Amino acid sequence: MQREEHYPREPPPLPQYDISPELKKLVLMFMGAMLINFLIAGALAIGMRTIQTDVPIIKVDGIAQNVLFYALLTAHGQVMFFGVVCANTIWFGYYAVSKWGRKPLAGMGWAKASFWIMEASVILIFVAGLSGFGAGWYNLMPLTFLPGHPSVTWGSAAAITFLVADVIVGVYITIFCIVIFATLLRGKLPVGTQIFEYMHEKDRDKGDEVSLVKENKEAQNIEKEFIHQENLPASVRWVSLIGINSWFPKKWRDVTPAVPIVCVAAFVTALVQIIGNPGLFVQLASGFASLQNPVASSNWLLTKNAWWFFAHPIVYFPLLLFLGGIYFLAPRYGKERVPFFKWNYRTWPFYLAFSTLVFSHHVFMDIPNPVWLQMMAQTASLGIVWPSGMTIITVLVFTWRSKMTWNITTRFFIAGIAGWMFGGFQGTETGMWGTDMYLHNTLSMVGHIHLILLMGPLLFAFAVMYAIIPDLTKKHMSKTLGEIHFWLTCFGGFGLAILFNIIGTEGAVRREADIASAFHWAMPYLLFFALLVGIAQFLLVYNFATTLRRKPTQNETTEYEKLHSQPAGEGITYT
Amino acid sequence: MSNMVNLAANYGWGPYTLLYIFIITVIVGAAGLLIVMATTRMKTQTFASKKRFHFERYWAIGTAAVLIWLWVISYPWMPPVAFSSINPTQKNIQVVDVTAGQWFWLMHKEGQPITPGQTPHLTIIAGQPVKFIARSVDVNHGLGIFAGPADGSPILLQMQVVPGLDNVFYYTFDKPGYYIVRCLEYCGYAHPYMTSIINVLPQPTSSPNTLTPAGGVAGGGPAGV
Ligand SMILES: [Cu+2]
């Protein structure tokens, strides 16, 4: 692999279709809001780390310190989820279905509304936090209404604010899902067939392999012949958008249309989440019903299961779309195109099935749950490892087979895959009854979630930001700042996650404001790593803001115009 | 990692150890792949390489096989399965009623007089199965019993204490000694201080012990039964 010195001065071979200026602005607004939310939620984390490090300047007495810690923890968790990683999926989702779907986004007004609704929810989460609300990011009822001593913790007003914030979260995520459906399920879609496998068969008959150059030319010719916009009948459209056709026998596969894999990813993401969302509303309904009389016998086990039915899909929500995006954006600097390769698509029906059911591993330790749920929990938890492993390997071998360039985007992608992969191993461990017994509710889980969210999807989102900002603004972000941002984020993020893992495996219990003395030694290091991550994000914010404000250079304008005057078919990277 | 190693040793070659071996293997493999990726420059790469199709297929079958194997070795650890080896009519089962609340543990062995304020709160006998029946008077708690009295002892067993339900867990303590109890589910600002102690006494030599399940699962399952 060669190191590209000129990044970011290279034309991004994204699809030729130019998304609307309105959508570009919305995507940038989401990015900006996400960065601000990230800084604020990160500051809350620094607060938690500082409390546990016992820095003398902010030393407060025991109870107040614990109340503060849990309020920070709650707001940190929910804002990171609903204001940062979910926001990433939303801007990339809107961008991707329009760009790779080569059509305007359906319901632009609704998409804009989702932005403001998201920000409203984030503000309400903060307001609840300021009122001392600290029931944990997963809002485990009935703690929401039974905080122990409301006078020193939070009252019903803060609890109601928090419940309303989460209702709004459910609303904006639902809007996102509907916008994605409306865009993908109506009108024409770009469509291709599995031409490369066809070529493979042909070559095998010949008994020799053709060179990359020759094949690229052939591929281009065939692409022009086979790629077109098509108005698929509903049944075929669903089959293609879930990726089921990749499991068809070869005879059928050659004639079933393949849509760009990023559209498959967007569709599956929206489908999983729209199935999971009712869980949130059931949990919240149970909460509102309990406001009058918290001790009344609501079914708290069902309430908890309902929450996880929503909240485990929400862990995949920030991830899945970017997994589709990697195939286009990581090798975009490579010389190879994304073929319609059956193994790239075969994972998607499994993501759909298992990320809907995998919530149940949160109930391993809830012994009264029925046996079938326990069975399903382990089956789905280990089941989702399979497509994850497939995605990792198809991306890695695909990248390996490309002439990849190590620029900021590919760096972030590879680091993100590493983080997500290591987090995934832990997911495998905790997806099993025998091991979850020892790891559940330890800081090892905190390490796990920081690996699979911070060091996975968030790094992917940064990768995509650096890659598509030229398309949105005609301008490139600074390479030097980008590099520093990358290394600081990785060093801090991996340090944080790995240290959480080590002390968690040693038995450090999570959600303890007052950490056991055996683990005090780790606290200053955790603070240090968290600060590194925080400092890095200021560089990104500065880079982002200055890029938006400055005028495009002549080179950048020329490059942009060249991109959008490519002949049809150039840069189309599916089939 | 010493605790982790101790724990693995205490439990024999159970899934915990096996899984770490599996993970280390995969990490080494993945690191190798990354090194190869970083150092190899592909000269001519064809779309039609025959290897590519085979590699993905073998990977798919291989990972599926490993996952099925993991499912199978973890199956006996599922609480209902692990508990099923206990015969509920067994005579020497020690039934312990656990009451959890903000922020206290009340643990009482059936048949023992209640002595409030007594420390340690619970005294039981090693080698005889214990049936914990835990109930919460307010919010969700987590009954976590640690393998020793010290701060930083590894977790021995845990179970959520969901309000409104009887949460039942069977366990047999093999070694006499003190075991710390902590709340493992966040339950409010004093959650870190919700602790207790269990005192496990050696088995009296005179007591008949013919019904206690021995060996095998005793070392391996979460139920320790
Ligand atoms: Cu508790």
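Hydrogens, waters and symmetry mates play no part in the numbers below; they use all other heavy atoms, side chains included. A quick note: this is a predicted structure, and the numbers were derived from the prediction, not measured. Here is how names work: the chains are called A, B, and so on, in the same order as the sequence lines, proteins then strands, and each is numbered from 1.
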_Which atoms of A/Ala135 approach chain B - backbone, side chain, both or neither, heavy atom under 4.5 Å_ = backbone
*For residues B/Leu70 and A/Thr428, report the shortest heavy-atom separation together with the two atoms involved.*
CD1-CG2, 3.8 Å
*If every non-hydrogen atom of A/Leu146 is compared with every non-hydrogen atom of B/Gln102, which pair is closest and at what distance?*
O-NE2, 2.8 Å
*Which heavy atom of A/Asn66 sits nearest a heavy atom of B/Tyr193, and at what distance?*
ND2-OH, 3.2 Å
_B/Tyr75 atom OH: more than 12 heavy-atom contacts under 6.0 Å_ = no
*Segment of A/Phe350 engaging chain B (4.5 angstrom heavy-atom cut-off)*: neither
*So how far is it from B/Leu143 CG to A/Met365 CE, rounded to the nearest 0.5 Å?*
12.0 Å
*For chain B, find which of A/His440, A/Gln378, A/Met390 contributes the most heavy-atom pairs closer than 4.5 angstrom.*
A/Gln378
*Between chain A and each of B/Thr63, B/Asn167, B/Asn140, count heavy-atom pairs under 4.5 Å; write down the option with the most.*
B/Asn140
*Between A/Thr442, A/Ile392, A/Asp366, which has the largest tally of heavy atom pairs under 4.5 Å with chain B?*
A/Asp366
*What residue in A/Pro387, A/Gly134, A/Gly383, A/Ala508 has the most heavy-atom pairs under 4.5 Å with chain B?*
A/Gly134
_Taking every non-hydrogen atom, the tightest pair across B/Trp71 and A/Thr379_ = NE1-OG1, 3.0 Å
*Which region of A/Arg510, side chain (C-beta onward) or backbone (N, CA, C, O), has a non-hydrogen atom less than 4.5 Å from a non-hydrogen atom of chain B, or is it both or neither?*
backbone
*Under a 4.5 Å heavy-atom cutoff, which of B/Gly164, B/Ala64, B/Gly101 has the most pairs with chain A?*
B/Ala64
_A/Tyr438 vs B/Gln158, side-chain contact (heavy atoms from CB on, under 4.5 Å): CA-CA, chis, key distance, verdict_ = CA-CA 8 Å; A/Tyr438 305 112; B/Gln158 66 168 302; over 6 Å; no
*Using non-hydrogen atoms only, which part of B/Leu165 is less than 4.5 Å away from chain A: side chain, backbone, both, or neither?*
side chain
*Segment of A/Met375 engaging chain B (4.5 angstrom heavy-atom cut-off)*: both
*Are A/Lys304 and B/Gln160 close enough, and set up right, to give a side-chain contact (heavy atoms from CB on, under 4.5 Å), and what steps lead you there?*
CA-CA 11 Å; A/Lys304 187 181 178 191; B/Gln160 284 270 313; 2.8 Å; yes
*Would you mind checking which part of B/Val168 comes under 4.5 Å of any heavy atom in chain A, side chain (CB onward), backbone (N, CA, C, O), both or neither?*
backbone
*Given the rule in the side-chain contact (heavy atoms from CB on, under 4.5 Å) test, do B/Phe132 and A/Ile367 qualify, once you have shown the distances and angles that lead to the verdict?*
CA-CA 12 Å; B/Phe132 290 100; A/Ile367 312 291; over 6 Å; no
*For the pair B/Met78 and A/Val371, evaluate side-chain contact (heavy atoms from CB on, under 4.5 Å) and give the outcome as yes or no after the intermediate values.*
CA-CA 9 Å; B/Met78 187 177 81; A/Val371 174; 3.6 Å; yes
*asked:* B/Tyr186 and side-chain contact (heavy atoms from CB on, under 4.5 Å): which single residue from A/Asn441, A/Leu140, A/Leu143, A/Leu73 fits?
replied: A/Leu143
*Answer yes or no: is there a donor N or O on one side and an acceptor on the other, between the side chain of B/Trp59 and the main chain of A/Gly389, under 3.5 Å?*
yes
*To the nearest 0.5 Å, how far apart are CZ in A/Arg511 and SG in B/Cys187?*
10.5 Å
